[in-house]
Q: 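Just passing along the structure, written as structure tokens.
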Amino acid sequence: MINVGQIIRRLREKEGLSQIQLADKLNINNSVLSRIESGKRHIEDSELILFADFFDTNIEYLLGRTDDPSPITKNKELSASGDIYVAYLGGPKKVLDAEEAAHLDEALEMFRAFREKRMKEIEKKER
């Protein structure tokens, strides 16, 4: 069975990146990336999200639970009336009004800022 580290390695190589290059782009320690790829280190949830965002894929693909690498964000579409339809994790599509969509976008930006800050804290601890 393929593990998350092997999938990340395959995606990294497909992009033509060395471990050092990818680690620099993600602002993580190269030794952390090396241990994740080799399966010697458990991947944190925040790191999993970081890799999914970077490779424009979904977490289920990184975990080896699906062969479909499509990112979840591709499930967002605008209707002719301007309503936004969003399917979360392959579930049924829900209609969002403009206020709900703006709130979700704002919450996502706050989460991404928090995640970036947390990743920097993790990197400091591992040095």
Side-chain angles (χ1 to χ4, degrees):
M1 180 176 188
I2 194 164
N3 67 39
V4 66
Q6 292 168 321
I7 293 170
I8 290 169
R9 174 184 225 143
R10 185 174 56 213
L11 290 169
R12 175 181 59 77
E13 290 173 346
K14 183 178 177 184
E15 293 291 320
L17 297 170
S18 69
Q19 281 185 344
I20 293 171
Q21 290 170 321
L22 179 58
D24 286 345
K25 288 181 180 290
L26 298 179
N27 198 29
I28 62 174
N29 191 296
N30 179 53
S31 65
V32 170
L33 177 57
S34 177
R35 290 192 315 269
I36 289 171
E37 284 189 1
S38 67
K40 294 179 182 175
R41 181 186 179 278
H42 173 76
I43 187 167
E44 300 291 329
D45 293 345
S46 58
E47 294 165 336
L48 198 57
I49 294 167
L50 189 66
F51 285 111
D53 287 348
F54 180 82
F55 290 116
D56 196 29
T57 190
N58 64 72
I59 292 171
E60 295 292 307
Y61 178 76
L62 291 177
L63 293 173
R65 295 181 55 157
T66 181
D67 292 332
D68 181 8
S70 302
I72 292 172
T73 55
K74 288 190 177 176
N75 291 329
K76 183 176 177 180
E77 57 190 64
L78 195 61
S79 72
S81 66
D83 291 329
I84 298 172
Y85 295 93
V86 180
Y88 293 96
L89 299 174
K93 288 186 176 181
K94 306 279 185 182
V95 178
L96 304 177
D97 63 29
E99 182 182 8
E100 291 171 322
H103 177 75
L104 286 176
D105 285 340
E106 183 179 314
L108 179 59
E109 289 305 313
M110 287 180 3
F111 169 76
R112 287 179 174 161
F114 168 78
R115 180 183 61 203
E116 184 177 337
K117 180 180 177 185
R118 181 70 180 126
M119 291 303 298
K120 289 178 181 177
E121 291 171 0
I122 290 170
E123 182 182 341
K124 276 185 178 179
K125 286 181 183 178
E126 292 184 356
R127 286 185 186 175

Q: A side-chain contact here means heavy atoms from C-beta on lying under 4.5 Å apart; do Ile43 and Ile8 qualify?
A: yes

Q: Please, which pairs that meet salt bridge (charged side-chain N to carboxylate O under 4.0 Å, His left out) have at least one residue in residues 39-49, sequence neighbours excluded?
A: Arg41-Glu47, Arg41-Glu126

Q: For Arg35, what residues pass the salt bridge (charged side-chain N to carboxylate O under 4.0 Å, His left out) criterion, not counting sequence neighbours?
A: none

Q: Using 0.5 Å steps for rounding, measure from the CD1 atom of Ile122 to the CZ atom of Arg115.
A: 11.0 Å

Q: Kindly give the heavy-atom pair with the smallest separation between Tyr61 and Ile7, and that separation in Å.
A: O-CD1, 3.4 Å

Q: Are Ile28 and Phe114 linked, directly or through other ILVMFWY residues, by side chains that come within less than 4.5 angstrom of each other?
A: no

Q: Can you name the residues that form a salt bridge (charged side-chain N to carboxylate O under 4.0 Å, His left out) with Glu15, not counting sequence neighbours?
A: none

Q: If you take all heavy atoms of Asn30 and Ile20, which pair is closest and at what distance?
A: OD1-N, 3.5 Å

Q: Testing Arg12, Gln6, Arg10 for side-chain contact (heavy atoms from CB on, under 4.5 Å) with Glu37, which one passes?
A: Arg12

Q: For Ala23 and Asn29, which heavy atoms make the closest approach, and how far apart are they?
A: CB-C, 4.2 Å

Q: Is the closest side-chain heavy-atom distance between Asn27 and Met119 below 4.5 Å?
A: no

Q: Which distance, rounded to the nearest 0.5 Å, do you find between the CD of Glu13 and the CZ of Arg9?
A: 5.5 Å

Q: How far apart are the closest heavy atoms of Gly16 and Gln21, and which atoms are they?
A: O-OE1, 3.8 Å

Q: Starting at NZ of Lys120, measure out to NZ of Lys125 and round the result to the nearest 0.5 Å.
A: 16.0 Å

Q: How long is the gap from CG on Asn58 to CG on Leu63, to the nearest 0.5 Å?
A: 9.0 Å

Q: I need the minimum non-hydrogen distance between Ile36 and Phe51, along with the two atoms involved.
A: CD1-CE1, 4.2 Å

Q: Return the CG to CD1 distance between Asp53 and Ile59, rounded to the nearest 0.5 Å.
A: 8.0 Å

Q: Can you tell me how far apart OG (Ser31) and CD (Gln19) are? Round to the nearest 0.5 Å.
A: 10.0 Å

Q: Start with the C-alpha gap between Lys124 and Glu121, add the side-chain angles, then the distance that decides, and say whether salt bridge (charged side-chain N to carboxylate O under 4.0 Å, His left out) holds.
A: CA-CA 5 Å; Lys124 276 185 178 179; Glu121 291 171 0; over 6 Å; no

